[in-house]
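The figures that follow rest on heavy atoms only: side chains count, while hydrogens, waters and symmetry mates do not.
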Amino acid sequence: MPKKPIIGITLDAEEIGGYSKWYPWYALRANYVEAVVKAGGVPILLPHETPLADAYINQIAGFIITGGDFDIDPAIYGAKEKHPKTQTKPKRTDFEAEMTRLALAENKPILGICGGMQLINVILGGTLIQHVPDVTGNSLHEQKDDRKNPAHTVKITPGSLLYKITAKDSIKVNSTHHQAVEKPGKGVKVTAEAPDGIIEAIEYPAHPFCLGVQWHPEFHADPEGKDAKIFAAFVRAADNGR
């Protein structure tokens, strides 16, 4: 039986409390793993041990940067001020940044989800909006109901990787983020936008497969199944690139 591609998925990290009152802990929603398995990949979860990044990257065929309830330190992308709502996790960001650099250098397929998309953009020299409502004046991206429900529609750029994956010029997505891509990084292409103009997907065409989406496709909010196609295309690229 042919071996399936190994997909590295970043974990979130929390301090003492909740699951463990004795020691900081890692966490990840099961639907990230389930989406990879369903797409034909073998998921492994990556603790934030930056000295092991080279070992990790040599073991995986594809890399998923997950989302989380935290933000990238604005100083990394040159911002002089930090918004009051910006909350950082330096160890996680340092690890994910190193893994992203290595995946780019090794041409490993990359899928950035929510904050993962923002990290791709920052690593490639872009900047972020630190608090979306300050720019849009609306709450379109602060979904309160079940993330399995779509919050709004995203318009996809024809001819883009995302367009080729979904075979559509739009997709219905969930939306739960207070930051977003502002200035795209060098060589980064914006390939999807929300109705209010917020960037919802980016790609890096110089890389074989580098896609970032601002929504959470692991919840499969699109009623036509286009979120599953994103994972399928990513795992297929990982399999082909081994």
Q: Is atom CG of D69 surrounded by more than 12 heavy atoms (other residues, nucleotides or ligands) closer than 6.0 Å?
A: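 Atom CG in D69 is not crowded, with 12 or fewer foreign heavy atoms closer than 6.0 Å.
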Q: For residues R92 and D12, determine if any side-chain heavy atom of one lies less than 4.5 Å from a side-chain heavy atom of the other.
A: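 Touching, per the 4.5 Å side-chain cut-off.
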Q: Is a side-chain N or O of N174 found less than 3.5 angstrom from the main chain of N149, in a donor-acceptor match?
A: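 The answer is no, because no donor-acceptor pair under 3.5 Å joins these two groups.
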Q: So does K82 get a backbone contact from the side chain of T86, meaning a donor-acceptor N/O pair under 3.5 Å?
A: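 Absent.
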Q: Are the side chains of I65 and L111 in contact, using a 4.5 Å heavy-atom criterion?
A: no
Q: Would a 4.5 Å heavy-atom cut-off, applied to side chains only, mark P5 and V42 as touching?
A: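 P5 does not reach V42 side chain to side chain.
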Q: Applying side chain to side chain donor-acceptor pair (under 3.5 Å) to T50 and E98, what does each step give before you reach the verdict?
A: CA-CA 7 Å; T50 303; E98 180 62 13; over 6 Å; no
Q: Cut-off 3.5 Å, side chains only: do T176 and Q143 have a donor facing an acceptor?
A: no
Q: Listed by chain and number, what are the ring pair (Phe, Tyr, Trp, His ring centres under 6.0 Å) partners of H141, not counting sequence neighbours?
A: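 Listed in chain order: H152, H177.
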Q: Please list every donor-acceptor pair under 3.5 Å in which a side-chain atom of residues 112-120 meets a protein atom from a residue at least two apart or in another chain.
A:
{"unit_1": "Q118", "atom_1": "NE2", "unit_2": "Q179", "atom_2": "O", "d": "3.1"}
{"unit_1": "Q118", "atom_1": "NE2", "unit_2": "Q214", "atom_2": "OE1", "d": "3.2"}

Q: Could you tell me whether the side chain of S160 and the main chain of Y163 form a donor-acceptor pair under 3.5 Å?
A: yes
Q: Let me check something: do I202 and Y204 share a hydrophobic cluster, defined by ILVMFWY side-chain heavy atoms less than 4.5 Å apart, either directly or through other members?
A: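 In one cluster: yes.
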Q: Tell me, which pairs form a ring-ring contact (aromatic ring centres under 6.0 Å, His included) where one or both residues lie in residues 50-76, sequence neighbours left out?
A: Y56-F95
Q: Sort and list the pairs that fulfil salt bridge (charged side-chain N to carboxylate O under 4.0 Å, His left out) and have at least one residue in residues 14-42, not counting sequence neighbours.
A: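 For residues 14-42, and leaving out neighbouring residues, the salt bridge (charged side-chain N to carboxylate O under 4.0 Å, His left out) pairs sorted by first residue read E14-K89, R29-E218.
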Q: Is there a side-chain contact between S170 and T153 (heavy atoms, below 4.5 Å)?
A: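 Yes - at least one pair of side-chain heavy atoms lies under 4.5 Å apart.
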Q: Using 30° and 60° as the class boundaries, would you call the ring planes of Y26 and H48 parallel, tilted or perpendicular?
A: perpendicular
Q: I'd like to check P74 versus L128 (side-chain heavy atoms, cut-off strictly below 4.5 Å). Are they in contact?
A: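 No, too far: nothing below the 4.5 Å cut-off.
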Q: Are T10 and T66 close enough, and set up right, to give a side chain to side chain donor-acceptor pair (under 3.5 Å), and what steps lead you there?
A: CA-CA 6 Å; T10 59; T66 61; 3.1 Å; yes
Q: Quick one: side chains of residues 223-235, donor-acceptor pairs under 3.5 Å with protein atoms, not counting sequence neighbours, listed by atom name and distance.
A:
{"unit_1": "E224", "atom_1": "OE1", "unit_2": "K226", "atom_2": "NZ", "d": "2.7"}
{"unit_1": "K226", "atom_1": "NZ", "unit_2": "D222", "atom_2": "OD1", "d": "3.4"}
{"unit_1": "K226", "atom_1": "NZ", "unit_2": "D222", "atom_2": "OD2", "d": "3.3"}
{"unit_1": "D227", "atom_1": "OD1", "unit_2": "W215", "atom_2": "NE1", "d": "3.0"}
{"unit_1": "D227", "atom_1": "OD2", "unit_2": "A221", "atom_2": "N", "d": "3.1"}
{"unit_1": "D227", "atom_1": "OD2", "unit_2": "D222", "atom_2": "N", "d": "3.1"}

Q: Within a strict 4.5 Å, meaning less than it, do heavy atoms of the P43 and V37 side chains meet?
A: yes
Q: Under the rule for ring pair (Phe, Tyr, Trp, His ring centres under 6.0 Å), what residues qualify as partners of H178, not counting sequence neighbours?
A: H131
